[in-house]
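Naming: A, B, ... by sequence-line order, numbering from 1 per chain. All values reported here derive from a predicted model rather than from experimental measurement.
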Number of protein chains: 2
Amino acid sequence: MASRVTIVDLANQLGVSRQTISNVLNAPHRVKEETRIRVARAIEESGYRPNAAARQLRNHVSKNVGMRLQPAGNGISGTVLTGFLYGLTEAAHSHGYRVTLYCADSDEEEISRYEELVTEADLDGFILTATHHGDQRAAWLAQRGIPFVAFGRPWDSGRDVSDAGHSWVDVDGRSGTREATEHLIAAGHRRIGYIGWPNGSGVGGDRRSGWLEAMTEHFGTEDPAPLIYAGEDTAASGSSGAATLLARGATAFVCASDSLALGASAYLRQSDQPALASAVVGFDNTPVAAAVGLSSVSQPVESAAAEVMRLLLGHLNSPTAEPQHVLLRPRLELRDLQPFNH
Amino acid sequence: MASRVTIVDLANQLGVSRQTISNVLNAPHRVKEETRIRVARAIEESGYRPNAAARQLRNHVSKNVGMRLQPAGNGISGTVLTGFLYGLTEAAHSHGYRVTLYCADSDEEEISRYEELVTEADLDGFILTATHHGDQRAAWLAQRGIPFVAFGRPWDSGRDVSDAGHSWVDVDGRSGTREATEHLIAAGHRRIGYIGWPNGSGVGGDRRSGWLEAMTEHFGTEDPAPLIYAGEDTAASGSSGAATLLARGATAFVCASDSLALGASAYLRQSDQPALASAVVGFDNTPVAAAVGLSSVSQPVESAAAEVMRLLLGHLNSPTAEPQHVLLRPRLELRDLQPFNH
DNA sequence: GTGAAAGCGCTAACAC
DNA sequence: GTGTTAGCGCTTTCAC
């Protein structure tokens with residue numbers, strides 16, 4: 001038991017009222033400079049820390065924000081989530097906030113968790129992932145004036161609904177695949193294939209559109225359809241994609257994920273044009289990409305987290321703040337392909 | 001603002017004292033059955049939730065446990081961490097606890113974070129990862145009687161120091177590679193190679209020993225050294241390992257990681273014995289393994305988290321509880337190798 | 001600019 | 001068994 005020093009101890013010790021200590025901390029301008037310095041120094045030396053519970057009881061503010069953790073497989077998980085969470089925790093800390101985690105199996109359950117966390121633990125705000133148009137959670141929170149920011153644009157059956165009435169931060173997948181495509185164009189490629197997922201996923205469509213944009217811009221009139229392959233998110237599907245598109249004359253490949261890219265590059269390495277294996281770009285810059293030396297579009301997850309926190313603070317500090325949207329540019333991580341199958 | 005109903009509202013409404021309400025919640029045996037039921041029902045109907053801050057202020061107990069998030073690359077991260085965190089959050093919730101995250105760049109910084117989180121936010125306990133012998137953090141916490149449990153045995157320059165004076169939960173890597181090896185033996189293999197990391201890492205040594213044990217047990221007298229390959233944790237290194245060991249007559253491969261296994265299987269597929277590619281087993285069952293259809297040893301991270309929480313609760317409820325150690329068996333996830341490079 | 005009073009919502013201790 | 005008293009540590013009035 002560290003003997004906790006309270007505001008009263010400090011006040012007695014300094015011969016001032018506890019209110020003065022409180023003011024030094026919360027409203028420094030109301031205190032005479034001289035007193036302020038004397039008190040501040042004493043706080044420093046004594047190791048006094050204002051008790052969060054007492055503050056929370058008084059203010060109904062916990063300096064805590066909540067984020068739901070999805071079971072593996074749903075929404076973001078793995079490396080991207082880890083990086084985001086790390087960034088979020090750091091950003092929160094640097095603003096005097098903490099991050100509380102919670103789980104839920106459905107949106108309904110998440111809402112009852114909100115109810116619990118807000119009334120019981122006074123959580124100040126939330127970070128949402130995987131929002132969609134007409135999201136019950138967003139509506140529930142908005143209706144009660146509980147601040148929140150989404151990581152990820154709200155998608156609705158493949159369409160981006162950026163005009164949603166709430167703040168969000170996202171990574172611009174389109175810009176990422178566009179940059180990847182342009183990199184390949186600059187390297188002399190002209191027939192660049194796109195290996196992705198079937199229509200319907202917002203993220204998938206977004207990533208595809210960057211490739212499409214670059215291709216259209218540079219090689220305007222050609223029909224892009226023959227250079228597109230869509231399948232499930234596995235390496236096997238990536239291989240099939242590479243095989244299919246190679247047969248159609250593709251010499252380079254932009255992929256919607258590292259799994260697809262892994263399969264594509266593996267296929268190419270053992271094809272009759274193994275050099276093309278290094279003309280494959282993946283997405284998300286997962287550890288696989290690093291392990292095999294695959295170029296990949298890297299999401300700036302920590303910056304995204306910092307932005308999320310920044311917007312959330314805006315809402316926390318002024319409840320009437322307008323929703324804001326931030327779209328971050330990913331970075332193309334270029335690597336030399338490791339000759340890992342020979 | 002949801003109109004919060006407090007213990008006083010409820011007491012007035014029911015015509016009992018607030019203490020009775022409190023008793024129904026915290027010491028039901030002291031309340032007459034009839035009253036208890038009446039109060040319990042009213043609690044249910046009114047949606048009353050005891051305020052955490054008030055409770056915390058009174059009890060110096062926050063019903064919150066803390067866990068440090070490591071920046072990507074250090075210690076566990078990615079899928080394993082995500083799964084563990086999810087399991088931890090669920091387990092905590094089911095016992096009425098919440099999980100608070102924090103960051104630190106070093107052990108020293110983590111300790112100052114403890115100080116802050118304990119005195120300021122009344123965190124009740126902590127989960128440690130990557131503990132080692134003579135860990136400052138463990139000593140600091142133990143000295144102050146702050147409950148904690150480690151995920152991972154304390155390793156000291158490659159040696160397991162299971163006798164550490166604190167509770168831990170870990171996954172038995174040895175048992176995992178042993179099972180993988182025995183699976184391959186049962187499939188008719190005899191010369192089974194091990195592709196791992198250089199000596200020095202506790203986890204690496206642990207995983208290697210399972211293979212060694214199984215080999216020694218089944219093929220006693222043979223010198224295992226020629227069947228071992230050690231390199232960095234990349235697919236390229238896995239390929240080199242497979243090439244080297246294949247030349248020495250290996251027909252199957254147990255790997256310390258999925259990255260290594262990925263490289264090994266890719267190498268084998270394009271070797272003159274492509275069928276051997278399916279005689280490769282990885283470790284950690286990451287998304288790569290799933291994507292390429294690689295068999296892999298899977299850590300029961302959610303059970304590990306549940307166990308961590310169970311031990312932590314033990315310490316939370318009785319501060320004098322003896323340290324306990326739990327070693328969990330991983331599971332061999334068998335997959336049919338996808339022909340992803342053709 | 002500083003101090004005094006009051007109360008946030010809860011529970012341990014005690015009295016009834 | 002149930003009610004009363006007191007106080008956890010803090011901050012927002014309001015006097016001074």
| query | Using a distance-only test with no angle check, is there a side-chain donor-acceptor pair under 3.5 angstrom linking A:Gln13 and A:Ser46? | reply |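 No pair is found: no donor N or O on one side chain lies under 3.5 Å from an acceptor on the other.
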| request: Using only heavy-atom distances, determine whether the side chains of A:Gln136 and A:Asp107 contain a donor-acceptor pair under 3.5 Å. | output: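 The answer is no; no qualifying pair exists.
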From C-beta outward on [X], which listed nucleotide comes closest to its side chain: [options]?
{"X": "A:Thr20", "options": "C:dC10, D:dT2, C:dT2", "result": "C:dT2"}
{"X": "A:Thr35", "options": "D:dG3, C:dT2, C:dA6", "result": "C:dT2"}
{"X": "A:Lys32", "options": "D:dA6, C:dT2, D:dG9", "result": "C:dT2"}
{"X": "A:Leu57", "options": "C:dC10, C:dG3, C:dC8", "result": "C:dC8"}

| query | Does A:Arg55 make a side-chain N or O approach to OP1 or OP2 of D:dT11 shorter than 4.0 Å? | reply |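 Looking at the OP1 and OP2 atoms of D:dT11, one of them is under 4.0 Å from a side-chain N or O of A:Arg55.
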| message | Could you check whether any side-chain heavy atom of A:Tyr97 comes within less than 4.5 Å of a side-chain heavy atom of A:Leu312, counting everything from C-beta outward? | response |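 No, their side chains stay 4.5 Å or more apart.
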Between [X] ([atom1]) and [N] ([atom2]), how many Å, whole number?
{"X": "A:Glu120", "N": "C:dC8", "atom1": "CD", "atom2": "P", "answer": "19 Å"}
{"X": "A:Lys63", "N": "D:dG9", "atom1": "NZ", "atom2": "P", "answer": "21 Å"}
{"X": "B:Ile37", "N": "D:dG1", "atom1": "CD1", "atom2": "C1'", "answer": "15 Å"}
{"X": "B:Asn51", "N": "D:dC10", "atom1": "CG", "atom2": "P", "answer": "17 Å"}
{"X": "A:His29", "N": "C:dG1", "atom1": "NE2", "atom2": "P", "answer": "10 Å"}
{"X": "A:Arg49", "N": "D:dC10", "atom1": "CZ", "atom2": "P", "answer": "13 Å"}
{"X": "B:Leu25", "N": "C:dC10", "atom1": "CG", "atom2": "P", "answer": "9 Å"}
{"X": "B:Leu14", "N": "D:dG1", "atom1": "CG", "atom2": "P", "answer": "19 Å"}

| said: Taking the nucleotide of DNA chain D with the nearest heavy atom to each, does A:Arg18 or B:Arg36 sit closer to the 5' end? | reply: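 Counting from the 5' end, the first nearest nucleotide belongs to B:Arg36.
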| Donor-acceptor contact present, side-chain B:Asp172 to main-chain B:Arg329, <3.5 Å |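 Here the side-chain-to-backbone pair does not exist.
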Please produce a list of atom pairs where a protein N or O lies less than 3.5 Å from an N or O of nucleotides 12-14 of chain C.
{"residue": "C:dA12", "atom": "N6", "partner": "B:Gln19", "partner atom": "OE1", "Å": "3.2"}

| query | Are the charged groups of A:Glu307 and A:Arg310 less than 4.0 angstrom apart, N to O? | reply |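 A salt bridge is present here (some side-chain N lies under 4.0 Å from a carboxylate O).
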| query | Between B:Ile21 and A:Val31, which is nearer to the 5' end of DNA chain C once each is assigned its nearest nucleotide? | reply |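 Counting from the 5' end, the first nearest nucleotide belongs to A:Val31.
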| Parallel, tilted or perpendicular: ring planes of B:Phe148 versus B:His166, cut at 30 and 60 degrees |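 Ring orientation, 0 to 90° scale: tilted.
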| query | How long is the gap from CD1 on B:Ile127 to CE on B:Met309, to the nearest 0.5 Å? | reply |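 Nearest 0.5 Å value for the CD1-CE distance: 6.5 Å.
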